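Read through the structure below, which is laid out as structure tokens, and then see the notes.
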Amino acid sequence: MTGPHDTPNLDDVITPEESVTRDRTQHAKDPHPSDEVLEHRTEQERQAVGSDDADPAGAEFHSATD
């Protein structure tokens, strides 16, 4: 037989002892790549599929163009 003390209520909720951070940049386990790295990967994919948006110079960085 169940009584009124067997059902959970708000008194059963614990009070948090740690503060919550609002910074979600490191939410995932892997580090987030920079915008330059993401742009390079995107260009590599465009080159691989032969996209019309691909850079004619290619995706790889060359020391002569720096």
Side-chain angles (χ1 to χ4, degrees):
M1 194 156 114
T2 61
H5 298 291
D6 294 338
T7 57
N9 59 31
L10 290 179
D11 293 332
D12 296 329
V13 178
I14 63 169
T15 304
E17 296 177 4
E18 299 176 4
S19 61
V20 178
T21 179
R22 298 301 248 172
D23 181 16
R24 293 185 176 97
T25 58
Q26 296 300 322
H27 181 67
K29 298 203 185 275
D30 292 332
H32 298 283
S34 69
D35 287 342
E36 287 123 10
V37 170
L38 292 174
E39 287 174 13
H40 182 68
R41 287 182 188 171
T42 302
E43 185 58 36
Q44 285 178 323
E45 291 175 6
R46 287 178 179 154
Q47 294 288 328
V49 298
S51 172
D52 291 339
D53 294 333
D55 186 358
E60 299 303 319
F61 298 119
H62 300 283
S63 60
T65 59
D66 288 342

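As the structure is a prediction and not an experimental result, all values here were calculated from the model. Keep in mind that the numbers below use all heavy atoms, side chains included, and drop hydrogens, waters and symmetry copies. Here, residue 1 is the first one in the sequence, and each next residue gets the next number.
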| field | Modelled atom types, side-chain donor and acceptor of Glu36 and His40, under 3.5 Å | value | no
| message | Measuring from atom CD of Gln44 to atom CG of Asp55, what distance do you get when rounded to the nearest 0.5 angstrom? | response | 12.5 Å
| said: Restricting to side chain to side chain contact (heavy atoms under 4.5 Å, CB included), what partner residues turn up for Thr42, sequence neighbours left out? | reply: Arg46
